[in-house]
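Step one of this worksheet: look at the structure below.
As the structure is a prediction and not an experimental result, all values here were calculated from the model. Nothing fancy with the numbering, it's 1 onward along the sequence.
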Amino acid sequence: MSDNREFNKEIDVVMRVMRHAQASVKSRFIQEVVPNRLTIVQFNALQHLHWYGRENGMYVSELGEHLGLAHNTVSGLVSRLERHGWVIRRKCEEDRRRARIQLTPQSEQLFHEQVQHAAEFWEHTFGQMSPEERNNLIESLTRLKQVMAKPVWPSYAQLHPRDADRLREKFETDIDELAQAKLKLIGIRLILARIAEKRNEHELAAYLNQAASEEIRHTNQLFSLLGHGEHFDKLLSSLVDEDKIVYEELLALLDDAPCSEEDEELVILQQMLKDSHRYKKWFHRVHKQKNQ
């Protein structure tokens, strides 16, 4: 029994040391990423482009498969990286409608510096040990590797199966995301059209209204592909939830507003709160009736 306790203590020490070593490496990695104003996901995207797309770049769909993210999510991610000079889109010679994502010299410099930083990290950690200590550690770790079973990792194909059902499900998810994005565009264009009309920019207002009208048609077609009934109920339910969020945000704004009751900003927010309360009651009542 005593031997077992001692053995378990030894295992605990080994596991704690391994976790500590992993934490140190991760900390170094984060310290490199943060000063460059990159998120972990953004840096992962740059890494995949560095590993697999250094020569020809990658399509958004290819990068999405590597990262396990939806097309629209990756497209937005690439746009942010492009805006900050980390990647560039180059038109594909075979199909001018598509673009390949490639790293910029700024990104290449980042990975060049990463190699230098890694060398410095190991010099300041592993390098502090004496040659004898390093040799003993290497021998022990090598032996540990020998007695441990080699891990069997799932293949890329297993992680990202391309069966018909999954492809169909992914296609429908992408369509749904596209429809949601178009809904936002409709609202933005209608708001801009109202502003343009107030500024007597009637031609611009007409273009914006026309574009919004066509986006409504496109969105209806997308939701038709997905099935009217299910997605209509889902959208109505999300509308009730969104109204609740907007109402609560308006309440918070009114509580924190740095102005008096006569100020225009406060008057507008109070009117918005009244209108929002009205909408919330309407949609909640309709949603409740549909679920009875």
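- Put simply, the side chain of Gln271 never gets that close to the backbone of Ile268: no donor and acceptor are under 3.5 Å apart.
- Salt bridge Asp12/Lys9: absent, no basic N to carboxylate O contact under 4.0 Å.
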Report task. Please step through side-chain contact (heavy atoms from CB on, under 4.5 Å) for the pair Leu67 and Thr73, ending with a clear verdict. Result -> CA-CA 10 Å; Leu67 297 173; Thr73 303; over 6 Å; no

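- Cluster membership check: Met148 does not share its hydrophobic cluster with Val13, using side-chain heavy-atom separations under 4.5 Å among Ile, Leu, Val, Met, Phe, Trp and Tyr.
- Environment of CD in Glu264: sparse, with no more than 12 heavy atoms of neighbouring residues, nucleotides or ligands closer than 6.0 Å.
- Here CE of Met18 is found 8.5 Å from CG of Leu141. Values are rounded to the nearest 0.5 Å.
- Contact annotation: the side chain of Val41 approaches that of Leu69 to within less than 4.5 Å [non-hydrogen atoms, C-beta and beyond].
- Shown here for Arg89 and Ala99, the closest heavy-atom pair between the two residues is CB-CB, 4.1 Å.
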Query raised in the report: side-chain contact (heavy atoms from CB on, under 4.5 Å) between Glu133 and Ser130: does it pass, once the steps are laid out?
Result: CA-CA 5 Å; Glu133 287 174 326; Ser130 69; 3.2 Å; yes

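- At a threshold of 4.5 Å between side-chain heavy atoms, the hydrophobic network of Ile, Leu, Val, Met, Phe, Trp and Tyr places Ile195 and Met272 in two separate groups.
- Between atom NZ of residue Lys184 and atom CD of residue Glu215 there is a gap of 14.0 Å, rounded to the nearest 0.5 Å.
- Note on Leu38 and Trp51: same hydrophobic cluster, where clusters join Ile, Leu, Val, Met, Phe, Trp and Tyr whose side-chain heavy atoms are under 4.5 Å apart, directly or indirectly.
- Checking side-chain atoms of Thr104 against main-chain N and O of Trp86 turns up a donor-acceptor pair under 3.5 Å.
- Judged purely by atom type and a 3.5 angstrom limit, Glu139 has no side-chain atom pairing as donor or acceptor with the backbone of Asn136.
- Between Ile101 and Ile88, every side-chain heavy-atom pair lies at or beyond the 4.5 Å cut-off.
- Distance check, rounded to the nearest 0.5 Å: CD of Gln47 to CD1 of Ile40 gives 9.5 Å.
- A donor atom on one side chain and an acceptor atom on the other are not found under 3.5 Å apart for Gln116 and Glu120.
- Summarising the geometry of Leu103 relative to Val87, their closest heavy-atom pair is CD2-CG1, 4.2 Å, with the distance given to 0.1 Å.
- Of the listed residues (His112, Gln106, Glu113), just one forms a side-chain hydrogen bond (donor to acceptor under 3.5 Å, both in side chains) with Gln109, and that residue is Glu113.
- Atoms OG and CG, from Ser107 and Leu81 in turn, are 7.5 Å apart once rounded to the nearest 0.5 Å.
- Listed by chain and number, the residues in a ring-ring contact (aromatic ring centres under 6.0 Å, His included) with Phe111 are Phe43, His50 (sequence neighbours excluded).
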**Report entry** side-chain contact (heavy atoms from CB on, under 4.5 Å) between His84 and Arg37, intermediate numbers included
**Finding:** CA-CA 9 Å; His84 292 99; Arg37 299 184 180 277; over 6 Å; no

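- Shown here for Ala212 and Leu190, the closest heavy-atom pair between the two residues is CB-CD2, 3.7 Å.
- Between the NE2 atom of His66 and the OG atom of Ser61 there is a distance of 10.0 Å, given to the nearest 0.5 Å.
- Arg278 and Asp275 get closest at one heavy-atom pair: NH2-OD1, 2.6 Å.
- When hydrophobic clusters are built by joining Ile, Leu, Val, Met, Phe, Trp and Tyr residues whose side-chain heavy atoms come closer than 4.5 Å, directly or via intermediates, Leu208 is not grouped with Ile186.
- Counting heavy atoms of neighbouring residues, nucleotides and ligands inside a 6.0 Å radius, atom CE of Met129 exceeds 12 of them.
- Taking all atoms of both residues into account, the shortest heavy-atom contact from Ala193 to Ala205 is O-CB, 3.6 Å.
- When atom types are taken as modelled, the side chain of Glu62 and the backbone of Tyr59 share a donor-acceptor pair closer than 3.5 angstrom.
- Arg194 CZ: 12 or fewer foreign heavy atoms inside a 6.0 Å radius.
- The minimum heavy-atom distance between Ala45 and Leu77, with the atom names listed, is CB-CD2, 3.9 Å.
- Other residues, nucleotides and ligands place no more than 12 heavy atoms under 6.0 Å from the CZ atom of Arg199.
- Counting heavy atoms of neighbouring residues, nucleotides and ligands inside a 6.0 Å radius, atom CD of Glu203 does not exceed 12 of them.
- Inter-residue side-chain proximity for Leu137 and Phe126 is flagged as met; some heavy-atom pair is nearer than 4.5 Å.
- Of the possible polar contacts, one joining the Arg100 side chain to the Gly57 backbone as a donor-acceptor pair under 3.5 Å is found.
- Within the model, atoms CG of Leu49 and CD of Glu108 stand 10.0 Å from one another, a figure rounded to the nearest 0.5 Å.
- In the hydrophobic clustering of ILVMFWY residues, with side-chain heavy atoms under 4.5 Å counting as a link, Leu222 and Leu183 come out together.
- Not a single donor-acceptor pair under 3.5 Å links the side chain of Ser213 to the backbone N or O of Asn209.
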